[in-house]
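A short write-up of the structure that comes next.
All values reported here derive from a predicted model rather than from experimental measurement. Within every chain, numbering begins at 1; the chains are lettered A, B, ... in the order of the sequence lines, protein sequences first and strands thereafter.
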Amino acid sequence: MKQRLAVIDFETTGITPGPGCRATEIGIVLLEDGQIVDRYQSLMNAGVRVPAMIEQLTGISNAMLRSAPPVAQVMREAADFVGSTPLVAHNASFDSKFWDYELAQLGRSRPQAFACTLLLSRRLLPQAPDHKLGTLTRWAGLPATGRAHRALADAEMAANLLLHLGVTLRQRHGRGAVDHGLLCKLQKVPAAKVAQYLRELPA
DNA sequence: TGCCAGGCCCTCTTTAGGGCCTT
C-alpha cells in the first residue's frame, strides 16, 4: 500500500482565525512514497482586508484577492483534493486552526491527524541554527521552491523538509521516516527523551 | 478606545517567565 501524505500551507490575514482573520491562499503538496505526485494552489477571497504588513510579508494584495475565487469554493476543492490523506504542516498548530476554521464554515470537519515538521525538526535536528522553515531549508541544502511566504512554495519547502527528516531518521536511528502514525507519536515525545523513544521502538 | 494567540520548550523552573514559530 502506498504511503500518501498531504503537506499544506496557508497564507492568512493574521494569526488567529475568526471573522476578521481569514485564509488568503492555500498550497498543498501530495507525497506518495517520498515523491511529489500532485499539487494544489489557489488564492481565495474571504471578503477581508489584507493588512499592509501582511501584504508586505506575502506579496498577496487586496487587488489580487478581489479577483480570486470565493473562499468556500477553494476550500471545498482543497478538502476534496486532500480527502482523508494524513496531513503535515510546518507549525501545524497554526495551519490546523485555519484548516479547521475554514472547513467549519462549510459544515465540514477534519477526519485525519496533523504531523508537524516544526516539532519533528526540533527533535531530530536540534543542531540547526533555528527551526524556521526557510532557515531549515537553507541549512539542510534543500531545493529553493519559489517565493517564501507564498503557500505552494512554503508547502513544497515543508514537504522537502519532511523527506529530509525521514532521511535523518533512517541514518541516525535506523527507522523509516514518513509513517504518519510514527511521526505523530514522535512529535509528542519530550525532546529530551526522543533518542530513548527511538531505541525502544519495536524493530 | 484599546485590546490583540497559543502550544511548545528551556531554565537562573515547577508557587514562572520568556523565547520560538506560524501570518
Side-chain angles (χ1 to χ4, degrees), chain A residues 6-29 41-65 68 71 74-75 78 82 87-105 110 113-140 142 145-162 164-165 183-198:
Chain A
V7 186
I8 76 166
D9 184 78
F10 277 107
E11 304 308 317
T12 72
T13 62
I15 296 294
T16 304
C21 181
R22 301 292 296 273
T24 57
E25 187 180 45
I26 186 168
I28 306 170
V29 171
Q41 177 189 30
S42 183
L43 292 166
M44 60 187 103
N45 184 352
V48 294
R49 278 198 67 78
V50 180
M53 186 273 286
I54 300 289
E55 179 174 341
Q56 190 166 25
L57 177 71
T58 65
I60 296 171
S61 67
N62 287 294
M64 291 164 69
L65 295 187
V71 59
V74 173
M75 287 306 302
V82 167
L87 285 160
V88 181
H90 194 70
N91 197 9
S93 70
F94 175 85
D95 291 281
S96 63
K97 280 188 303 187
F98 280 90
W99 181 256
D100 292 348
Y101 180 88
E102 296 296 354
L103 286 193
Q105 307 311 301
R110 166 168 60 92
F114 264 92
C116 176
T117 53
L118 169 62
L119 296 181
L120 290 165
S121 62
R122 281 176 176 162
R123 284 159 176 75
L124 297 172
L125 306 172
Q127 69 275 35
D130 64 51
H131 296 89
K132 295 182 177 77
L133 183 56
T135 302
L136 289 167
T137 294
R138 288 186 294 275
W139 176 78
L142 302 175
T145 57
R147 188 197 195 286
H149 296 295
R150 287 301 299 267
L152 188 59
D154 281 5
E156 289 206 40
M157 266 194 270
N160 289 329
L161 174 59
L162 178 68
H164 180 75
L165 290 168
L183 296 178
C184 287
K185 287 178 189 166
L186 182 57
Q187 70 190 12
K188 292 176 184 168
V189 174
K193 296 186 176 177
V194 163
Q196 178 187 350
Y197 174 81
L198 290 168

So [X], base contact, sugar-phosphate only, or nothing? Heavy-atom distance under 4.0 Å.
X     : value
A/T24 : nothing
A/F98 : nothing
A/D95 : nothing

Can you name the nearest heavy-atom pair linking [X] to [Y], along with the distance?
X      : Y      : value
A/C21  : A/I15  : SG-N, 3.8 Å
A/D154 : A/E11  : OD2-OE2, 3.7 Å
A/A23  : A/A46  : O-CB, 4.2 Å
A/T13  : A/I54  : O-CG1, 3.7 Å
A/V7   : A/A158 : CG1-CB, 3.6 Å

Would you call the rings of A/F98 and A/F10 parallel, tilted or perpendicular, where under 30° means parallel and over 60° means perpendicular?
tilted
In whole Å, what separates the [atom1] atom of [N] from that of [M]?
N      : M      : atom1 : result
B/dT13 : B/dG18 : C1'   : 12 Å
B/dC20 : B/dC3  : P     : 24 Å
B/dG2  : B/dG6  : P     : 23 Å
B/dC4  : B/dC8  : P     : 23 Å
B/dC12 : B/dG19 : P     : 14 Å

I need the [atom1]-[atom2] distance between [X] and [N], as an integer number of Å.
X      : N      : atom1 : atom2 : value
A/R49  : B/dT23 : CZ    : C1'   : 17 Å
A/D130 : B/dC10 : CG    : C1'   : 16 Å
A/L57  : B/dC21 : CG    : C1'   : 13 Å

Distance below 4.0 Å between A/H131 side-chain N/O and B/dC21 OP1 or OP2:
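Yes, A/H131 has a side-chain N/O under 4.0 Å of OP1/OP2 on B/dC21.
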Name of the residue among A/N91, A/L124, A/L161 meeting side-chain contact (heavy atoms from CB on, under 4.5 Å) with A/T117
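Of the listed options, the one satisfying the test is A/L161.
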Reading 5' to 3' through nucleotides 3-8 of chain B, protein heavy-atom contacts under 4.0 Å coded B for base, S for sugar-phosphate only, - for none:
--B--S
Using a 6.0 Å cut-off, check whether atom CZ of A/R147 has over 12 heavy atoms from anything other than its own residue.
yes
Check each residue of residues 148-155 of chain A for a non-hydrogen atom within less than 4.0 Å of any atom in DNA chain B, then write out the ones that pass by number, or none.
A/H149, A/D154
Among pairs that include at least one residue of residues 51-65 of chain A, which meet side-chain hydrogen bond (donor to acceptor under 3.5 Å, both in side chains), considering only residues two or more places apart or in two chains?
none
Please tell me which of A/E11 and A/K188 maps to the more 5' nucleotide of DNA chain B, matching each residue to the nucleotide holding its nearest heavy atom.
A/K188
